[in-house]
Amino acid sequence: MFQFPKWMNGLKSALAVGLLAGPAYAVVVVLYGFSPQATDVGYQPVQPIPYSHALHVGKLGIDCRYCHTSVEDAAHAAVPPTQTCMNCHSQIQGRDDRQQANIKRIIDSHTTGKPVHWVRVHDAADFVYFNHAAHVNRGVGCVSCHGRVDQMEVVYQQEHLSMQWCLDCHRNPGPHLRPPEFVTKMDWVPDRDPARLATDLAEQYQIKPSTDCSTCHR
């Protein structure tokens, strides 16, 4: 009579563990795989025309608000029209054939009136309300959410923009506060004790961020 080897007796236990642990593992993989931490961080879309923030912001020192004109007045950060580019590039040409070709595409856009369809990098979900003006005017620096864009040849999403990430800041905004006149200065450092400065700024601007659901889900 045929008998299975004794080592196979352990297969029953291993199979039971697999049946229990397998679905749990799959759930964890799916939940994390589709979470903002996994799907959005590092998102770096190809733009229709290459644009170097490292050059324009970092080297040339162009302020964020020159292109994103609405951040102090509106909920959304405006994407600049071609005319904004032409303010400089009607006079400034590229240093090589590649740059000249890219600038020509900007000029063609301006001449024909056909806009450049820039790809948004940071895009909150439709069920999330975020007001740029409310944050910028209270001294939350651009770098807190967008990272050192002045060092990015191609802009990418540095933070995962999850609900937990937002709540962490609302519960403890101090580390992200600075005098509003320095919100666009990427390399800003406090000139006195950071904790005391944060306390003073919070009192001065009456910063008491809400963690109520209706603050962001309207």
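Starting from 1, each residue takes its place in the sequence as its number. Owing to the predicted nature of the structure, the values given are computational and were not obtained by experimental measurement.
Contact record, Cys85 with Ile106: CB-CG2, 3.8 Å, taken as the closest heavy-atom pair. For the pair Thr215 and Ser210, the tightest heavy-atom approach, listed with the atom from each and the gap, is OG1-OG, 2.9 Å. Of all heavy-atom pairs between Tyr129 and Ala75, the closest is OH-CB, 4.1 Å. Here the closest heavy-atom approach between residue Ser70 and residue Ala78 is recorded as OG-N, 2.9 Å.
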Kindly determine whether Asp40 and Gln157 satisfy side-chain contact (heavy atoms from CB on, under 4.5 Å), including the steps that lead there. CA-CA 7 Å; Asp40 294 339; Gln157 182 171 318; 3.1 Å; yes

Audit row: Asp200, Arg192, salt bridge (charged side-chain N to carboxylate O under 4.0 Å, His left out) steps and yes/no: CA-CA 11 Å; Asp200 291 344; Arg192 54 193 174 99; 2.9 Å; yes

Determine, stepwise, if the pair Cys145 / His122 fulfils side-chain contact (heavy atoms from CB on, under 4.5 Å). CA-CA 9 Å; Cys145 298; His122 300 80; over 6 Å; no

The test is side-chain contact (heavy atoms from CB on, under 4.5 Å); show your working for Asn137 and Glu72 and say whether it passes. CA-CA 6 Å; Asn137 291 323; Glu72 295 177 302; 3.9 Å; yes

Under the side-chain contact (heavy atoms from CB on, under 4.5 Å) criterion, do Gln44 and Val155 qualify, and how do the steps go? CA-CA 6 Å; Gln44 190 178 54; Val155 169; over 6 Å; no

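Counting only heavy atoms from C-beta outward, the side chains of Met186 and Cys64 approach each other to under 4.5 Å. Side-chain contact between Val121 and Gln47 is present, with heavy atoms from C-beta onward closer than 4.5 Å. By the 4.5 Å heavy-atom criterion applied to side chains, Asn172 and Pro175 are counted as neighbours. Taking 4.5 Å as the limit, some side-chain heavy atom of Val143 sits within range of a side-chain heavy atom of Arg148. Using a 4.5 Å heavy-atom threshold, the side chains of Pro179 and Leu201 count as touching. Looking at heavy atoms from C-beta onward, Lys208 lies out of side-chain contact with His170 at the 4.5 angstrom threshold. At a threshold of 4.5 Å between non-hydrogen side-chain atoms, the residues Val136 and Val140 do not count as touching. Pro80 places a side-chain heavy atom less than 4.5 Å from the side chain of His68.
Tracing side-chain contacts under 4.5 Å through hydrophobic residues (I, L, V, M, F, W, Y), one never reaches Val149 starting from Ile62; they form parts of separate clusters. The hydrophobic clustering, which links ILVMFWY residues whose side-chain heavy atoms are closer than 4.5 Å, places Val154 and Leu55 apart. Transitive grouping of hydrophobic side chains (ILVMFWY, heavy atoms separated by less than 4.5 Å) brings Met86 and Ile49 into a common cluster. Under a hydrophobic-cluster definition in which Ile, Leu, Val, Met, Phe, Trp and Tyr are linked whenever side-chain heavy atoms come within less than 4.5 Å, directly or via other members, Trp118 and Ile103 are assigned to the same cluster. Note on Ile207: it does not cluster hydrophobically with Val183, by side-chain heavy-atom contacts below 4.5 Å among ILVMFWY residues.
Taken from CH2 in Trp188 to CD in Glu181, the straight-line distance is 9.5 Å, to the nearest 0.5 Å. We find the CD-OG distance between Glu153 and Ser52 to be 3.5 Å, quoted to the nearest 0.5 Å. Taking CD1 of Ile107 as the start and OG1 of Thr82 as the end, the distance is 11.0 Å to the nearest 0.5 Å. With values rounded to the nearest 0.5 angstrom, Cys216 atom SG is found 10.5 Å from Asn131 atom CG. Taken to the nearest 0.5 Å, the NE2 atom of His89 stands 11.0 Å off from the OG1 atom of Thr84. A distance of 13.0 Å separates NZ in Lys104 from CG in Asp97, rounded to the nearest 0.5 Å.
Between Asp96 and Gln100, the side chains place no donor N or O within less than 3.5 Å of an acceptor N or O (distance only, hydrogens not considered). In this model, a donor atom of one side chain and an acceptor atom of the other lie less than 3.5 Å apart for Asp212 and Ser214. In this structure, a donor-acceptor pair under 3.5 Å is present between the side chains of Gln83 and His110. Between the side chains of Glu159 and Trp165, at least one donor N or O lies within less than 3.5 Å of an accepting N or O.
Around atom CZ of Arg120, no more than 12 heavy atoms belonging to other residues, nucleotides or ligands sit under 6.0 Å away. Sparse packing is recorded around CD of Gln91, with 12 or fewer heavy atoms of other residues, nucleotides or ligands lying under 6.0 Å away.
With ring centers used as reference points, His76 lies 6.0 Å or more from His132. Under the 6.0 Å cut-off for aromatic ring centres, Tyr51 and His56 qualify, their centroids lying closer than that. Ring to ring, Phe130 and His135 are close: their centroids are under 6.0 angstrom apart.
Judged as a ring pair (Phe, Tyr, Trp, His ring centres under 6.0 Å), and not counting sequence neighbours, Tyr66 has no contacts. Scored by the side-chain hydrogen bond (donor to acceptor under 3.5 Å, both in side chains) test, Thr184 finds Asp63, Arg65 as partners (sequence neighbours excluded).
We find that Arg178 and Asp191 are not joined by a salt bridge, their nearest charged nitrogen and carboxylate oxygen being 4.0 Å or further apart.
Side-chain N or O atoms of Ser109 include one that pairs as donor or acceptor with a backbone N or O of Lys114 at under 3.5 Å.
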